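Here's the structure, in structure tokens; my notes come after.
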Amino acid sequence: CETKENVKIDTQERIDVLMAIAQHCGGSMRAALKMLERCVFGDIWDEKLLLVEFGVTSDRTLRTWLADYLAGDPTVFEQMLPVEFLDNSIKLLEVMYKAARGVNLQFWERDRIGSLKAPAQTLSLLLTHLYAVAQRPYLTPTMVTIEMLRAQEKIAAPSGRTPRAG
């Protein structure tokens, strides 16, 4: 696919960027166009750049990140986490918690979490910590990263048990 601005959507990475924008904007055409224009004119066609610039990533990438995070992998913090990442993580963890508690999920919720699973008790502990962090009146990327690390310590996955991403 090629656009009027000669932008080719010919790689999975570019498709993932478009999907991340669509998922993040939640139906707001104005927000999506604004973000897309910045991507086109700023040449932001990599999810890592999208995360740095907007704090946005695709659900697929977020699921992979959360699976590694829940497994206790410290390398997930090699990049500073934008403040918006905290909100995106909480939203996905909330859906995972509902699934873990046996709630019948809507199609879009099942699609959002894929096969990512974790015990309800782990998710409850993690969400309690992250809700408290999200209530702070001022957050920086460093604070988000440190608090996510602290939460990871609280929920340290038992060895041999790794959440699955899909």
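Since the model is a prediction, treat every value here as computed from it, not as a measurement. All heavy atoms count here, side chains included; hydrogens, waters and symmetry mates do not.
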So, do [X] and [Y] sit near enough that their side-chain heavy atoms are less than 4.5 Å apart?
{"X": "M96", "Y": "L70", "value": "yes"}
{"X": "T75", "Y": "E78", "value": "yes"}
{"X": "V83", "Y": "T140", "value": "no"}
{"X": "V133", "Y": "V144", "value": "no"}
{"X": "Y97", "Y": "T122", "value": "no"}
{"X": "V40", "Y": "W45", "value": "yes"}
{"X": "L92", "Y": "W65", "value": "no"}
{"X": "M19", "Y": "Q23", "value": "yes"}

Any donor-acceptor N/O pair, E109 side chain to Q106 backbone, under 3.5 Å:
yes
Return the CE to CD1 distance between M35 and I21, rounded to the nearest 0.5 Å.
6.0 Å
Using a cut-off of 6.0 Å, state whether more than 12 heavy atoms not belonging to R30 lie near its atom CZ.
no
More than 12 heavy atoms of other groups within 6.0 Å of E13 CD:
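Buried by this count: over 12 neighbours within 6.0 Å.
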NZ/NE/NH1/NH2 to OD/OE distance under 4.0 Å, K91 and E94:
no
Check whether [X] and [Y] end up in the same hydrophobic cluster, where Ile, Leu, Val, Met, Phe, Trp and Tyr are linked by side-chain heavy atoms less than 4.5 Å apart.
{"X": "F77", "Y": "L130", "result": "yes"}
{"X": "V103", "Y": "I113", "result": "no"}
{"X": "L105", "Y": "F107", "result": "no"}
{"X": "V17", "Y": "F41", "result": "yes"}

Would you name the heavy atoms of [X] and [Y] that are closest together and state the gap between them?
{"X": "L123", "Y": "A118", "value": "CD1-O, 3.6 Å"}
{"X": "A20", "Y": "T57", "value": "CB-C, 3.5 Å"}
{"X": "R63", "Y": "D111", "value": "NH1-O, 3.4 Å"}
{"X": "I90", "Y": "L127", "value": "O-CD2, 3.9 Å"}
{"X": "D73", "Y": "Q152", "value": "O-NE2, 3.4 Å"}
{"X": "A134", "Y": "L139", "value": "CA-CD1, 4.4 Å"}

Any chance the side chains of N88 and E84 put a donor and an acceptor closer than 3.5 Å?
no
Can a donor-acceptor pair be found between the side chains of T64 and T61 at a distance below 3.5 Å?
no
Test M148 against M143 for side-chain contact (heavy atoms from CB on, under 4.5 Å), laying out the working first.
CA-CA 8 Å; M148 293 290 281; M143 292 167 72; over 6 Å; no
Give the other cluster members for L33, using side-chain heavy-atom distances under 4.5 Å between Ile, Leu, Val, Met, Phe, Trp and Tyr residues; answer none if it is isolated.
M29
Starting from the C-alpha separation in whole Å, work towards a yes-or-no answer on side-chain contact (heavy atoms from CB on, under 4.5 Å) for L126 and Y69.
CA-CA 11 Å; L126 182 56; Y69 173 78; 3.5 Å; yes
In sequence, state the C-alpha distance, the side-chain angles, and the governing distance for F54 and C39, and then conclude on side-chain contact (heavy atoms from CB on, under 4.5 Å).
CA-CA 10 Å; F54 302 111; C39 287; 3.9 Å; yes
